[in-house]
Participant: 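I am attaching a structure below and will ask some questions about it afterwards.
Proteins come first, then strands; the chains are lettered A, B, ... in the order of their sequence lines, and each starts at number 1. Values in this document were obtained by computation on a predicted structure and should not be read as measured data. Hydrogens, waters and symmetry mates are skipped; everything else that's a heavy atom, side chains included, is used.
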2 protein chains.
Amino acid sequence: MSSEKVIDNIDRGAARKAKANLEDIAREAGVSKMTVSRVLRGSTGFSDQTRARVVAAAARLDYVPNRLAAAFGADHASTLVGMCVPRLTSGLFGHVLDGVDRALSRLGYQLMIGSNNHSAEDEEAWLRQIVSWRPAGVILSGRSHSAGTVDLLRQVAMPVVEIWDLTTSPIDLAVGFSHHDCGVEMGQFLIRRGRRKIGFVGALSRSDVMGQARLEGFQEALARAGHPIAATEVLQDSPGFYPGYYGLEMLLARCPDLDCVYFHNDEMAIGGLTYCQSRGIRVPEDLGIAGWGGMEAASVLPKRLTTTIVPTTAIGKAAAEALVARLKGEDVQDVTVTPTRLVTGETV
Amino acid sequence: MSSEKVIDNIDRGAARKAKANLEDIAREAGVSKMTVSRVLRGSTGFSDQTRARVVAAAARLDYVPNRLAAAFGADHASTLVGMCVPRLTSGLFGHVLDGVDRALSRLGYQLMIGSNNHSAEDEEAWLRQIVSWRPAGVILSGRSHSAGTVDLLRQVAMPVVEIWDLTTSPIDLAVGFSHHDCGVEMGQFLIRRGRRKIGFVGALSRSDVMGQARLEGFQEALARAGHPIAATEVLQDSPGFYPGYYGLEMLLARCPDLDCVYFHNDEMAIGGLTYCQSRGIRVPEDLGIAGWGGMEAASVLPKRLTTTIVPTTAIGKAAAEALVARLKGEDVQDVTVTPTRLVTGETV
DNA sequence: TAAGACTACGTTACCGGTAAACTTGTCGCA
DNA sequence: TGCGACAAGTTTACCGGTAACGTAGTCTTA
């Protein structure tokens, strides 16, 4: 039925032969392979006339460059960058990816992605795959890596950018902010707003150490202010709307007199807001709600969510640019801080 | 300051030399290169004893395979798959990407991504980059490609999966559903619910032909029912919450007696709902609201949104699996339909 | 018991591009 | 006029795998 479309070996061989390579262009233009290579890469050492002949020949033969051969032949010629994120389904990381991709493609690099679901072992498995492609560099999310990951990175000696969290010293380069400080800042803000019985609802799928860091900073701030955290509800689930809804329900069942709840992220906070609305709990009068992350949805709610906005796209862009700068041997600062912004909102 | 970390040429050379290759393993294990290659790829033609020696030698030397060389040496050995989506920041495509990535990495393939912002020229530019890596196949979103794209795909003769829309016959393989039919179905549903003065709010950034297809199907259904569409508001913007909010405001200013509005997607519909709430417009009594896509947020609203749920992850998974099946020479059906589901909700 | 088949490897020739070294021609200048 | 500097190329030697083919032994079987 679809036999005409099946790519069999014969077709493949034919297709391969049909494709022009540097040698074919060299013959067509009457110069050497090496000259063609230099012309097409825009380097120097040839006349305008030669250049024109080569470019014309390449166009005539529909030349498609072979980056595989280039990267293989000259190790450092790779324009491949690997990036690993915790979850591809997260709205925040979608924006980070977008920032990275735009910056990289503008600079002539290609992006190979993977996700690790907050697991250091998955990250290592991904890294081993990527390294076998001899990329120019990699971007990792977070700061908790397996010993094997660190060993491998050291062994291959390529630039590494760690994004998203900045709590400890980086392997190579780092771009992001401190999750711990986000928690502290929100804790202090809630106290200033007069909140005293404060809870937390999270969903720490596997080992989301960054969400954990926010919670710890938050707890520290509350404790220092003399009003330690009243209750926490941490679900073993992905941090989405439903867990936010049910997490708040469970928390309030255990501890009905809370006057404020801090959520793992905005999605969960919106789930919590929905729960309040369905139960007639007034926000912020009866209960304050605070999120984290800065989803677009959070700013268009009837009452703007109190949250921390993370500069996702900017982080991606900065990470890509730092990586490329290092690849080009330019001077790069090891750590780039991309500040977050607490937005007051109307839910606390 | 960071000089110790700079990867200069000397370090690079050293790192390169330090890395073991097949020949080193062959020497260590006392066999030939080719035997090592076969053992490590799990093919046949050697004894268990030889195998054990090779595996041990590889482990001793910390061998990292070089897929670049493999793909280069044997054309068809590439395990690279390219994928291009309209926007990386879309929640829906995040789930599609996740489905593709999980399926591919389980099958031993790597994913190279790009985005085209609904532009056929950007898609072609991306494809030219990707093709230069000689991927095993590509996944494209949508059905509108430039002539150059189609030519190039034909020239390189590799499997292509087009996802997301199924309105015309595919280049090679296709996975998705009909956007046109989604529009028709929603139009018929709204009519059955007794709605008569129906409007549309969209945001057709660049040339989002699939959103356009939904609108056309929708208009057809309404016209056939004898109640042609009353008004449309199409913003030149990305289809997010804000445009939904303001789009509805503008539409109602022009046409205040609408009894229902169909939105480009759920994000815009939620923006519209927010507008209603802020103006005291009761939903669904005063105005019906319908969306498209099936965002998680839409199902956790105080009133569940009337919308069409798209099986995003399943599409990604099916696309990846169809591509790999074709690569392995298995029999694959050209078109895989992944049905959408209209959820009644409570906003119409 | 010799011919043939099978097992378990080894050898060789690429794949397409790049770096480095080498060649040739041209020009300025003492 | 002779010499060095430079521009504009060419030549050669790889990079690390893989496919195709070759071959030495072992096992089977008529």
Participant: Expressed in angstrom and rounded to an integer, what is the separation of A:Leu61 atom CG from C:dG16 atom P?
Facilitator: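 Whole-Å distance recorded here is 14 Å.
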Participant: For residues A:Glu124 and A:His145, is any side-chain donor paired with an opposing acceptor at under 3.5 Å?
Facilitator: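 Note: A:Glu124 and A:His145 side chains miss the donor-acceptor criterion.
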Participant: Test A:Asp24 against A:Arg27 for salt bridge (Lys or Arg N to Asp or Glu O under 4.0 Å), laying out the working first.
Facilitator: CA-CA 5 Å; A:Asp24 298 327; A:Arg27 210 182 359 260; 2.7 Å; yes
Participant: Any non-hydrogen side-chain atom of B:Val81 less than 4.5 Å from a side-chain atom of B:Val138?
Facilitator: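 No. Closest side-chain heavy atoms not under 4.5 Å.
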Participant: For B:Gln49 and C:dT7, what is the distance between atoms CD and C1' respectively, to the nearest whole Å?
Facilitator: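 About 14 Å, once rounded to whole Å.
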Participant: Using a 4.5 Å cut-off on heavy atoms from C-beta on, say whether the side chain of A:Val335 contacts that of A:Pro170.
Facilitator: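 Yes, at least one pair of side-chain atoms sits under 4.5 Å.
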Participant: Roughly, in whole Å, what's the span from CD1 in A:Ile25 to P in D:dG9?
Facilitator: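 To the nearest whole Å, that distance equals 16 Å.
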Participant: Taking CG from B:Asp48 and P from C:dT7, how many angstroms apart are they, rounded to a whole number?
Facilitator: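 The answer, rounded to whole Å, is 14 Å.
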Participant: Can you confirm whether A:Arg60 sits close enough to A:Glu28 that some side-chain heavy atom of one is under 4.5 Å from a side-chain heavy atom of the other?
Facilitator: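 Answer yes - side chains close enough.
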Participant: Side chains of A:Val100 and A:Lys317, heavy atoms from C-beta outward: is any pair under 4.5 Å?
Facilitator: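 A:Val100 vs A:Lys317: side chains apart.
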Participant: Could you tell me whether B:Thr50 contacts a base, only the sugar-phosphate backbone, or nothing, with contacts defined as non-hydrogen atoms closer than 4.0 Å?
Facilitator: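 Here B:Thr50 touches the backbone only, sparing every base.
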Participant: For B:Arg154, does the CZ atom sit with more than 12 other heavy atoms under 6.0 Å from it, leaving out its own atoms?
Facilitator: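 Check fails, neighbour count at 12 or below.
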Participant: Would you tabulate the pairs of protein nitrogen or oxygen atoms and nucleotide nitrogen or oxygen atoms of nucleotides 22-24 of chain D closer than 3.5 angstrom?
Facilitator:
none

Participant: I'd like to compare against my own output: the B/S/- annotation of nucleotides 17-27 of chain C with a strict under-4.0 Å heavy-atom distance to protein.
Facilitator: BBBB-------
Participant: If you fit an axis to the five pairs at each end of the helix from C:dT1-D:dA30 to C:dA30-D:dT1, how big is the angle between those two axes, to 10 degrees?
Facilitator: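 Inter-axis angle at the termini of the helix from C:dT1-D:dA30 to C:dA30-D:dT1: 40°.
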Participant: I'd like to know if the side chain of A:Ser132 reaches the main chain of A:Gln129, judged simply by a donor and an acceptor atom lying under 3.5 Å from each other, with no hydrogens or angles considered.
Facilitator: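 Indeed, once roles are kept as given, a pair shorter than 3.5 Å links the two residues.
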Participant: Whole angstrom is fine here: how far is it from CZ in B:Arg51 over to C1' in C:dC9?
Facilitator: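 Nearest whole value for this atom pair: 16 Å.
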Participant: A:Arg41 vs A:Ser37, test: side-chain hydrogen bond (donor to acceptor under 3.5 Å, both in side chains). Steps then yes/no.
Facilitator: CA-CA 6 Å; A:Arg41 276 180 301 145; A:Ser37 171; 3.0 Å; yes
Participant: Counting C-beta onward and ignoring hydrogens, is there a side-chain heavy-atom pair between A:Leu140 and A:Leu153 closer than 4.5 Å?
Facilitator: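 Counting from C-beta outward, A:Leu140 and A:Leu153 do come under 4.5 Å.
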Participant: So do the side chains of A:Arg134 and B:Val64 get within less than 4.5 Å of each other, counting heavy atoms only?
Facilitator: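 Counting from C-beta outward, A:Arg134 and B:Val64 do come under 4.5 Å.
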Participant: Assign A:Ser32 to base, sugar-phosphate, or nothing according to its heavy-atom contacts below 4.0 angstrom with the strands shown.
Facilitator: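 Base contact - A:Ser32 has a heavy atom under 4.0 Å of at least one base atom.
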Participant: Report yes if a side-chain nitrogen or oxygen of B:Ser47 is closer than 4.0 Å to either non-bridging phosphate oxygen (OP1 or OP2) of C:dC9; otherwise report no.
Facilitator: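 B:Ser47 to C:dC9 OP1/OP2: side-chain N or O found under 4.0 Å.
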